[in-house]
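These notes concern the structure reproduced below.
Chain letters run A, B, ... following the sequence lines, proteins first, then strands; residues in each count from 1. Keep in mind it's a predicted model, so treat the numbers as computed, not measured.
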Amino acid sequence: MNELTEKAWPIIKLLLIPYICLMFLLIYPIEYYVDAPGGLTEVESLIDVNYNEDKVTQGTISTTYIVALNRPSFFQFMVGYFSPYTTIDALTGSYADYTNEEISQISYWDKYTSVDASIIVAFQAASNDNSEIIIDYVEKVFVFGKATYLSNYDLISFGDEFISLVGDTGTITSIDDIASNTLLEDAYDFTFNKVDGEEYTVTLTKDSETLKFGITFRTAYIVNRETTFPEYNVANSNIGGPSGGLLQTLAIYNMLVPEDITQGLKIAGTGTIQYDGSVGYIGGVKQKIATAYLNKVDVFFIPNLDDNYTYDNYQEALKACEELNIDPTGWLVPVATFQDALDYLQGLGD
Amino acid sequence: MKNLLLKWKDLKAEYGLNAIIDALFGGILYGLLIFVPVYIILVEIAMIFMYQLYTFVVIITFTAMFNVFIINKLTLKALQLKKPEHTSDIRSIMIAHAIFWMSIVLIIGIIFITIIIPILWV
């Protein structure tokens with residue numbers, strides 16, 4: 001080794017500083033995010049319902065994922081800047097306070113709850129024509145946001161289930177009663193369940209400036225698998241986020257009904273699913289349109305939202321098509337509900 | 001194979017195991033110093049152009065094969081510098097060594113493309 005070092009020493013001396021600079025550009029993270037096109041994932045590879053095993057499905061139903069890089073390196077920032085399909089912006093809002101690991105936890109939690117929402121909506125829709133199908137679920141409250149001033153910040157994780165709080169008038173279990181039962185003291189005991197089921201109690205102190213605990217909860221419905229029929233399996237997913245909800249619902253529904261709703265087509269799309277079957281807003285429209293276009297899908301469902309939303313994904317998608325020189329005719333389909341998507345596919349078969 | 005084994009015995013007798021390990025260590029160290037930025041660049045570009053993931057896995061596989069070749073080339077150079085008047089056939093040993101490890105890298109690349117990526121990308 002010494003011989004090599006001696007021989008290469010003039011070159012090493014010359015390249016040492018440029019090498020360190022290059023490594024800095026490649027490694028140092030900056031407070032931006034880069035959204036880039038990703039790919040399609042067939043829902044079948046994520047969720048498998050043990051029903052209609054002999055049914056042959058001609059087409060495919062896929063969710064669309066994008067690559068969301070939080071705090072990219074300088075180099076990634078520069079590469080992204082020159083790609084026509086990427087969106088680059090500064091990290092803002094609560095995401096700017098979260099570590100990349102915490103953002104991943106939120107993203108995977110979103111995925112977990114979106115899968116259960118898809119199962120609930122699909123099973124309910126399929127049970128209308130088939131009394132054999134039973135869906136049962138429970139309401140749970142989860143930790144979904146943590147402010148920087150939250151006391152015992154590291155003890156509480158995203159996705160922990162809220163169980164109870166010892167408030168001014170006794171033990172309360174509903175998050176609606178938290179504000180009215182935490183007026184007299186500065187600190188209260190909260191009990192949570194970790195994801196692995198372990199229960200723990202932690203004392204949370206109100207922030208002196210905001211007079212808040214700094215914790216955000218979200219209610220979600222979780223499927224009771226013991227009393228639900230048919231059984232199903234969900235594979236571990238490496239792709240987070242709730243935007244696959246609509247397509248997951250369509251695919252699960254297709255596994256439950258005797259007919260093939262795919263009509264032999266390569267179907268993809270995006271949009272969250274709400275428990276009433278309505279489709280919700282998603283981000284990264286430009287990248288998802290690019291992904292769909294690059295993967296040559298036959299049908300791409302996009303949320304067409306009501307006036308309550310500031311942004312309309314369909315309008316965004318049309319703008320993205322124009323920007324990327326893509327003709328949206330015939331494959332970009334706006335939908336407001338799961339039923340809209342189903343009606344569209346059934347209309348293709350008539 | 002038998003011939004190669006004899007050449008390896010000659011090399012070991014001429015240099016000693018410590019000198020061979022030292023040369024190999026130098027080859028690996030400098031080979032990685034050259035290629036680590038290349039790997040990071042390729043992975044970072046692949047993350048932006050994820051829709052070309054398979055193309056990038058192929059490129060990274062070939063880069064790793066080239067990396068193995070360079071490591072062997074540097075090891076050969078180190079051994080030659082240690083004993084300029086050497087008599088053993090180092091070049092043949094290093095070519096065989098490089099081909100073996102390049103094949104391993106190629107197999108790993110194929111496993112990634114055919115098995116690991118389809119499993120992980122759910």
Test side chain to side chain contact (heavy atoms under 4.5 Å, CB included) applied to Val34(A) and Met47(B), step by step: CA-CA 10 Å; Val34(A) 178; Met47(B) 286 164 87; over 6 Å; no
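The greatest number of non-hydrogen atom pairs below 4.5 Å with chain A, out of Leu74(B), Leu33(B), Thr75(B), is found for Leu33(B). Note on Ile27(A), Thr5(A), Leu22(A): by heavy-atom pairs under 4.5 Å with chain B, the leading option is Thr5(A). Annotation: maximal heavy-atom pairing with chain B below 4.5 Å, among Ser73(A), Pro72(A), Ala8(A), Ala290(A), occurs at Ser73(A).
The closest side-chain heavy-atom distance from Phe49(B) to Thr86(A) is not below 4.5 Å. Met23(A) has its side chain within reach of Ile40(B): a pair of non-hydrogen atoms, C-beta onward, lies under 4.5 Å apart. The shortest side-chain heavy-atom distance between Leu81(B) and Lys7(A) falls under the 4.5 Å cut-off. Counting only heavy atoms from C-beta outward, the side chains of Met50(B) and Thr291(A) never approach each other to under 4.5 Å.
Within the 4.5 angstrom heavy-atom criterion, no atom of Ile66(A) approaches chain B. Of the atoms belonging to Leu294(A), it is side-chain heavy atoms, and not backbone ones, that fall under 4.5 Å from chain B.
Taking CD1 from Ile48(B) and CZ from Phe77(A), the interatomic distance works out to 10.5 Å, rounded to the nearest 0.5 Å. Considering CG of Leu29(B) and CG of Leu4(A), their distance stands at 9.5 Å, rounded to 0.5 Å.
Partners of Ser114(A) by side chain to side chain donor-acceptor pair (under 3.5 Å), not counting sequence neighbours, listed by chain and number: Gln248(A).
Atom OH of Tyr54(B) has more than 12 heavy atoms from other residues, nucleotides or ligands within 6.0 Å. The number of heavy-atom neighbours closer than 6.0 Å to CZ of Phe35(B), taken from other residues, nucleotides and ligands shown, is above 12.
Residues of residues 84-99 of chain B never come within less than 4.5 angstrom of chain A, heavy atom to heavy atom.
Less than 6.0 angstrom separates the ring centroid of Tyr51(B) from the ring centroid of Tyr85(A).
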